[in-house]
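Just so you know, residue 1 is the first one in the sequence shown, and it goes up from there.
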Amino acid sequence: MARSTSKDAQALFQSLRSAYAATPTTLKIIDLYVMYAVFTALIQVAYMVIIGSFPFNSFLSGVLSCIGTAVLAVCLRIQVNKENKEFKDLAPERAFADFVLCNLVLHLVIINFLG
């Protein structure tokens with residue numbers, strides 16, 4: 001039973017790896033950016049657990065900024081993906097402009113929250 005589960009997991013990882021190899025480079029770069037933003041949020045949470053959260057609004061601002069940026073990057077990835085038929089009429093430049101504008105608004109709100 002354990003062997004079949006191990007073989008199934010290996011087959012799953014192989015199929016995911018081969019499918020991801022066909023992904024365009026621009027989407028891979030966006031994926032790296034999302035992973036960086038989430039990793040930065042996790043480091044901030046670990047810091048808060050170990051050291052403490054004295055200026056709690058600063059901690060919240062940092063984590064929400066990272067998570068918000070990651071969510072906006074996922075939205076950018078969805079809009080730029082050529083296989084997504086829902087946004088086929090949307091130019092990649094327009095999607096990137098939306099991403100930059102929404103990031104600007106997000107970070108203005110975060111800076112306002114800091115005080």
Side-chain angles (χ1 to χ4, degrees):
M1 177 87 175
R3 281 196 149 151
S4 65
T5 305
S6 174
K7 288 181 182 180
D8 290 342
Q10 288 177 352
L12 176 67
F13 286 126
Q14 282 293 76
S15 66
L16 286 175
R17 182 180 294 171
S18 64
Y20 195 71
T23 303
T25 307
T26 55
L27 296 181
K28 288 181 182 179
I29 291 172
I30 295 172
D31 290 341
L32 283 174
Y33 182 70
V34 169
M35 287 191 301
Y36 169 74
V38 171
F39 181 69
T40 305
L42 291 176
I43 286 180
Q44 289 178 6
V45 169
Y47 180 84
M48 190 242 357
V49 168
I50 294 170
I51 305 297
S53 65
F54 167 59
F56 191 66
N57 60 342
S58 297
F59 163 72
L60 281 179
S61 295
V63 170
L64 292 177
S65 173
C66 291
I67 299 300
T69 300
V71 168
L72 291 174
V74 168
C75 293
L76 174 66
R77 187 189 194 284
I78 291 170
Q79 292 176 355
V80 171
N81 191 358
K82 296 201 183 313
E83 294 179 9
N84 192 352
K85 304 296 183 212
E86 194 170 324
F87 295 103
K88 65 180 179 181
D89 296 334
L90 186 68
E93 293 83 10
R94 166 72 192 268
F96 186 71
D98 289 346
F99 170 74
V100 169
L101 181 66
C102 290
N103 255 320
L104 182 67
V105 170
L106 170 72
H107 285 90
L108 285 174
V109 169
I110 294 295
I111 290 172
N112 187 29
F113 182 71
L114 277 173

J.: Are Tyr47 and Phe39 connected into the same hydrophobic cluster when the rule is that any two of I, L, V, M, F, W, Y join if their side-chain heavy atoms are below 4.5 Å apart?
T.: no

J.: Say you draw a straight line from CG of Leu27 to CG of Asn81; how long is it, rounded to the nearest 0.5 Å?
T.: 5.0 Å

J.: Honestly curious: do Phe54 and Ile51 fall in one hydrophobic cluster under the side-chain, below-4.5 Å linking rule?
T.: no

J.: Provide the closest heavy-atom pair for Ala41 versus Ile67 in the form atom of the first, atom of the second, distance.
T.: CB-CD1, 3.8 Å

J.: Find out if a path of hydrophobic residues (ILVMFWY) with successive side-chain heavy-atom gaps under 4.5 Å connects Phe113 to Met48.
T.: yes

J.: Do Val74 and Leu90 land in one hydrophobic cluster if side-chain heavy atoms of ILVMFWY residues count as linked below 4.5 Å?
T.: yes

J.: Can you give me the closest heavy-atom contact between Ile30 and Ala73, atom names plus distance?
T.: CG2-O, 3.5 Å

J.: Measure the spacing between OG of Ser61 and CG of Asn112 and express it to the nearest 0.5 Å.
T.: 9.5 Å

J.: Hey, what do you get for CG (Leu42) to CE (Met35), rounding to the nearest 0.5 Å?
T.: 12.5 Å

J.: Among Leu101, Leu64, Leu72, find the residue that satisfies the side chain to side chain contact (heavy atoms under 4.5 Å, CB included) test when tested with Leu106.
T.: Leu72

J.: If you measure from CZ on Arg17 to CD on Gln10, what distance do you get to the nearest 0.5 Å?
T.: 10.5 Å

J.: I need the minimum non-hydrogen distance between Ser65 and Ile110, along with the two atoms involved.
T.: N-CD1, 4.0 Å

J.: Compare every heavy atom of Thr69 with every heavy atom of Phe99, then report the nearest pair and how far apart it is.
T.: CE1-O, 4.3 Å

J.: Would you compute the distance between atom CG of Asn103 and atom CG of Leu108 and round it to the nearest 0.5 angstrom?
T.: 10.5 Å

J.: Let me confirm one number: the OG-CD distance from Ser58 to Gln44, rounded to the nearest 0.5 Å.
T.: 10.0 Å

J.: Using every non-hydrogen atom in the two residues, find where Phe87 and Ile78 come nearest and quote the distance to one decimal.
T.: CE1-CG2, 3.8 Å

J.: Which residues pass the ring-ring contact (aromatic ring centres under 6.0 Å, His included) test with Phe56, not counting sequence neighbours?
T.: Phe59

J.: Apply the test side chain to side chain contact (heavy atoms under 4.5 Å, CB included) to residues Tyr20 and Lys28: give CA-CA distance (whole Å), side-chain angles for both, the deciding distance (0.1 Å), then the verdict.
T.: CA-CA 9 Å; Tyr20 195 71; Lys28 288 181 182 179; 3.6 Å; yes

J.: Under a 4.5 Å side-chain heavy-atom rule over Ile, Leu, Val, Met, Phe, Trp and Tyr, are Tyr36 and Leu76 clustered together?
T.: no

J.: Let's go through Cys66 and Val38 carefully: what are the C-alpha distance in whole Å and the side-chain angles of both, what is the deciding distance for side chain to side chain contact (heavy atoms under 4.5 Å, CB included) to 0.1 Å, and is it a yes or a no?
T.: CA-CA 6 Å; Cys66 291; Val38 171; over 6 Å; no

